[in-house]
S.K.: 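Got a structure for you, questions after.
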There are 4 protein chains.
Amino acid sequence: MAGSVNKVILVGNLGIDPEVRHTQSGSKIVSFTLATSDTWNDRQSGERRERTEWHRVVIFNERAGDVAERFLRKGRKVYIEGELRTRKWTDQGGQEHYTTEVVIDRFRGELVLIDSNRGEGGFGGGSSGGRSGGSSGNANRNAGWDAPGGDDLDNEIPF
Amino acid sequence: MAGSVNKVILVGNLGIDPEVRHTQSGSKIVSFTLATSDTWNDRQSGERRERTEWHRVVIFNERAGDVAERFLRKGRKVYIEGELRTRKWTDQGGQEHYTTEVVIDRFRGELVLIDSNRGEGGFGGGSSGGRSGGSSGNANRNAGWDAPGGDDLDNEIPF
Amino acid sequence: MAGSVNKVILVGNLGIDPEVRHTQSGSKIVSFTLATSDTWNDRQSGERRERTEWHRVVIFNERAGDVAERFLRKGRKVYIEGELRTRKWTDQGGQEHYTTEVVIDRFRGELVLIDSNRGEGGFGGGSSGGRSGGSSGNANRNAGWDAPGGDDLDNEIPF
Amino acid sequence: MAGSVNKVILVGNLGIDPEVRHTQSGSKIVSFTLATSDTWNDRQSGERRERTEWHRVVIFNERAGDVAERFLRKGRKVYIEGELRTRKWTDQGGQEHYTTEVVIDRFRGELVLIDSNRGEGGFGGGSSGGRSGGSSGNANRNAGWDAPGGDDLDNEIPF
DNA sequence: TTTT
DNA sequence: TTTT
């Protein structure tokens, strides 16, 4: 009710193959790391410098998760639109930590395959595979597509 | 097969009260103009300059349309996320024209009320009104919310 | 002074090779058309449907224009961030028309090459070509990079 | 060589007054926390639920920092466009931590005041204050606006 | 036609 | 710690 916007837009390359897990209620969760990099000329030295940023992407949306699982692999380029979410967790030593993730959930977010050369591994897709964006994001066009347990999905995740 | 993105993000003020119409199939369409403005200092004259840009926003999404109809009025500030769509039309003289609009449809887009002072006219809102973003956009959480006629909705619009 | 935002984000493919022209004051202007497409399943027929949207992109920023001129070609995929601008023009018959464009100017906007396989024509780029985004957009890091005539650049354009 | 995009768009309210500090080289750094919130109806219970997300915003851009320092206060609403950056730090106990921030630096990012009711404290602004977006972001229109030390600015920050 |  |  706040009148707020929380949006992240990334175009980058996967650092790992997508990892798939399921909640107790059966919902699929797909996650991976995504690299973006920035290059610029240092003003003083004149040298070319580069910074790579790693983002953790987590997909709760079933359709987008399916697309990620089927078509994304380490090294692939993808457009991700999601929201920032920071969660708290405690390590074995009892230390508290915070991790910020880019989340595509069932309400919002999008995943678009940017590479044209998908399918290198023979997992197909072909011309039918098509654009993931349309079928991911917020679509929810098939009734009841997400599992019971719904809204507290996040609490079930054992990262 | 596209791997494309078509996204517009606007924060601006309505130039008119939202206009509501319905397709033959009963779907609601809400539209209005939105002003954004830019100011800068002219390099040569040093004068302050301003340019106002007018955008035509068209909402096919029922929920976002409801929010717009209920809470938006001329002068209000709103965040709009939609996609660019250009349509062709012919004037009475037979001349062809093209008009580009920012569209929120049932698949994509969002509308967030930015003004806190909504409700000036007493049309309420209250705690129920709430934030439109969550309920608009792509939600479609209530089954079958859009009327038959569906995908060729656009062709029915008599602008 | 309005507190407004006017932003367009596109990922699409060029429909033509970039066209380069110069204002009387010597500034370079690069423009091209960009296609984005959307596919979805029609609810009634169940058929796969597709809509292609064409956008006109105009670059006033010298750096982004340089990158476009050197690396972009018909068919290439690019990420464009710009603002919407609608201009009025009159055809030979005296008819008035409006055209909406996505503009990258010296203040705002960005262009990022998305294709990895740039350089097909042997115009190089190599590993040095690098990311265009950093050097385009709003950088203006080299003093006085844009030509005299500055702020009324737009008025000089003979589209 | 990346062809990547790293962009965050937030509209939210400040949780604190902006904090201002300076690097050894004299550059100003302004930071604050920003809240965005999301509300939705729980599917199971039907109850209204809300999640508030807190973001840490850090501004290295001098102009945007000036605007933030002058016009932003706890509770104000602002549009922020920046990039995600995660930095590592070690607490007193020797424990390593990571913090993700939304950064506006001299190359990229934007800050737009959304509240119309700025100036509550009488710190003015008037017609001069105006919109920050134009003067922040990437402008760098006044030569040499940022202090020596430039590119490794980030390393000097003692958060 | 909006807003500051 | 914000806001509605």
Side-chain angles (χ1 to χ4, degrees), chain A residues 1-6 86 98, chain B residues 10-19 31-40 48-57 67 71-80 112-120 124-135, chain C residues 1-6 86 98, chain D residues 10-19 31-40 48-57 67 71-80 112-120 124-135:
Chain A
M1 211 207 313
S4 61
V5 175
N6 173 358
T86 299
Y98 292 84
Chain B
L10 302 174
V11 176
N13 299 281
L14 276 80
I16 56 170
D17 283 347
E19 294 170 350
S31 57
F32 50 84
T33 54
L34 192 74
T36 56
S37 69
D38 212 356
T39 52
W40 71 97
R48 196 84 191 141
R49 298 187 55 181
E50 175 165 5
R51 169 176 30 225
T52 293
E53 201 66 33
W54 285 98
H55 311 91
R56 180 164 176 75
V57 177
V67 171
F71 297 115
L72 290 180
R73 291 291 176 274
K74 179 179 179 176
R76 279 283 145 83
K77 181 159 290 187
V78 70
Y79 168 96
I80 292 285
V112 179
L113 305 177
I114 289 283
D115 274 327
S116 45
N117 57 320
R118 73 187 97 120
E120 30 98 92
S127 66
S128 71
R131 182 208 184 190
S132 65
S135 57
Chain C
M1 212 205 312
S4 61
V5 174
N6 174 357
T86 299
Y98 293 85
Chain D
L10 303 173
V11 176
N13 300 280
L14 275 79
I16 56 169
D17 284 346
E19 295 170 348
S31 57
F32 50 83
T33 53
L34 193 74
T36 57
S37 67
D38 212 357
T39 52
W40 70 97
R48 195 85 191 141
R49 296 188 56 182
E50 173 165 7
R51 170 175 31 223
T52 294
E53 201 65 35
W54 285 98
H55 311 91
R56 179 164 176 75
V57 177
V67 171
F71 297 115
L72 290 181
R73 290 292 175 275
K74 181 180 177 175
R76 280 282 144 83
K77 182 159 289 188
V78 70
Y79 168 95
I80 292 285
V112 179
L113 305 176
I114 288 286
D115 273 326
S116 45
N117 55 321
R118 72 185 99 122
E120 29 96 270
S127 67
S128 71
R131 185 216 179 183
S132 66
S135 56

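Naming: A, B, ... by sequence-line order, numbering from 1 per chain.
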S.K.: Pick base, sugar-phosphate or nothing for Ile16(D), based on heavy-atom distances below 4.0 Å to the nucleic acid.
M.R.: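 Contact class for Ile16(D): base.
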
S.K.: Could you state the atom-to-atom distance from CD1 of Ile80(B) to C1' of dT2(E) in whole Å?
M.R.: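 Taking atom C1' of dT2(E) as the reference, CD1 of Ile80(B) is at 14 Å.
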
S.K.: How would you label the contact of Gly75(B) with the nucleic acid (heavy atoms, under 4.0 Å): base, sugar-phosphate, or nothing?
M.R.: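 Sugar-phosphate, no base atom in range.
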
S.K.: Counting side-chain heavy atoms from CB outward, which of dT3(F), dT3(E), dT2(F) is closest to Ser37(B)?
M.R.: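 The listed nucleotide nearest to Ser37(B)'s side chain is dT3(E).
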
S.K.: Atom OH of Tyr79(B) and atom P of dT4(F): how far apart are they, to the nearest Å?
M.R.: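 About 20 Å, once rounded to whole Å.
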
S.K.: Quick one: does Thr33(B) reach the base of dT1(E) with a side-chain donor-acceptor pair under 3.5 Å?
M.R.: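 In this structure, the two groups form a donor-acceptor pair.
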
S.K.: Quick one: does any side-chain atom of Asn13(D) pair with a main-chain N or O of Ala35(D) as donor and acceptor, under 3.5 Å?
M.R.: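 No, the answer is negative, given that no donor and acceptor are paired below the 3.5 Å cut-off.
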
S.K.: Expressed as a whole number of angstroms, how long is the span from Asp38(D):CG to dT2(F):C1'?
M.R.: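 Atom CG in Asp38(D) sits about 15 Å away from atom C1' in dT2(F).
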
S.K.: Can you list the residues that meet the side chain to side chain contact (heavy atoms under 4.5 Å, CB included) rule with Thr33(D), with sequence neighbours excluded?
M.R.: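 Side chain to side chain contact (heavy atoms under 4.5 Å, CB included) check on Thr33(D) returns Ile16(D), Trp54(D).
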
S.K.: Measure from the side-chain N and O atoms of Thr36(B) to the backbone N and O of Gly12(B), and report whether any donor-acceptor pair falls under 3.5 Å.
M.R.: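 Side chain of Thr36(B) to backbone of Gly12(B): no pair is present.
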
S.K.: How many angstroms lie between CZ in Arg56(D) and CG in Leu34(D), if you round to the nearest 0.5 Å?
M.R.: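 Reported to 0.5 Å precision, the distance equals 12.0 Å.
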
S.K.: Would you say the base of dT2(F) stacks on Trp54(D) (centre-to-centre below 5.5 Å, plane angle below 30°)?
M.R.: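 Answer is no, no stack.
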
S.K.: Rounded to whole angstroms, how far apart are CG on Leu14(B) and P on dT2(E)?
M.R.: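 That distance rounds to 11 Å.
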
S.K.: Asn13(B) CG to dT4(E) C1': how many Å, rounded?
M.R.: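 It is 9 Å, rounded to the nearest whole Å.
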
S.K.: Which nucleotide in the set dT3(F), dT3(E), dT1(E) lies at the smallest distance from any side-chain heavy atom of Glu50(D)?
M.R.: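 Looking only at side-chain atoms, Glu50(D) lies closest to dT3(F).
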
S.K.: Quickly work out the Arg76(B) CZ to dT1(E) P distance and round it to whole Å.
M.R.: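 The distance from CZ of Arg76(B) to P of dT1(E) comes to 20 Å, rounded to the nearest Å.
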
S.K.: Rounded to the nearest angstrom, tell me the gap between atom NZ in Lys77(B) and atom P in dT4(E).
M.R.: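 Taking NZ of Lys77(B) and P of dT4(E), I get 7 Å after rounding.
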
S.K.: Rounded to whole angstroms, how far apart are CD1 on Ile114(B) and P on dT2(F)?
M.R.: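 Those two atoms, CD1 and P, are 19 Å apart.
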
S.K.: Would you say Asp17(B)'s side chain and Arg73(B)'s backbone share a donor-acceptor pair under 3.5 angstrom?
M.R.: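 Here the side-chain-to-backbone pair does not exist.
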
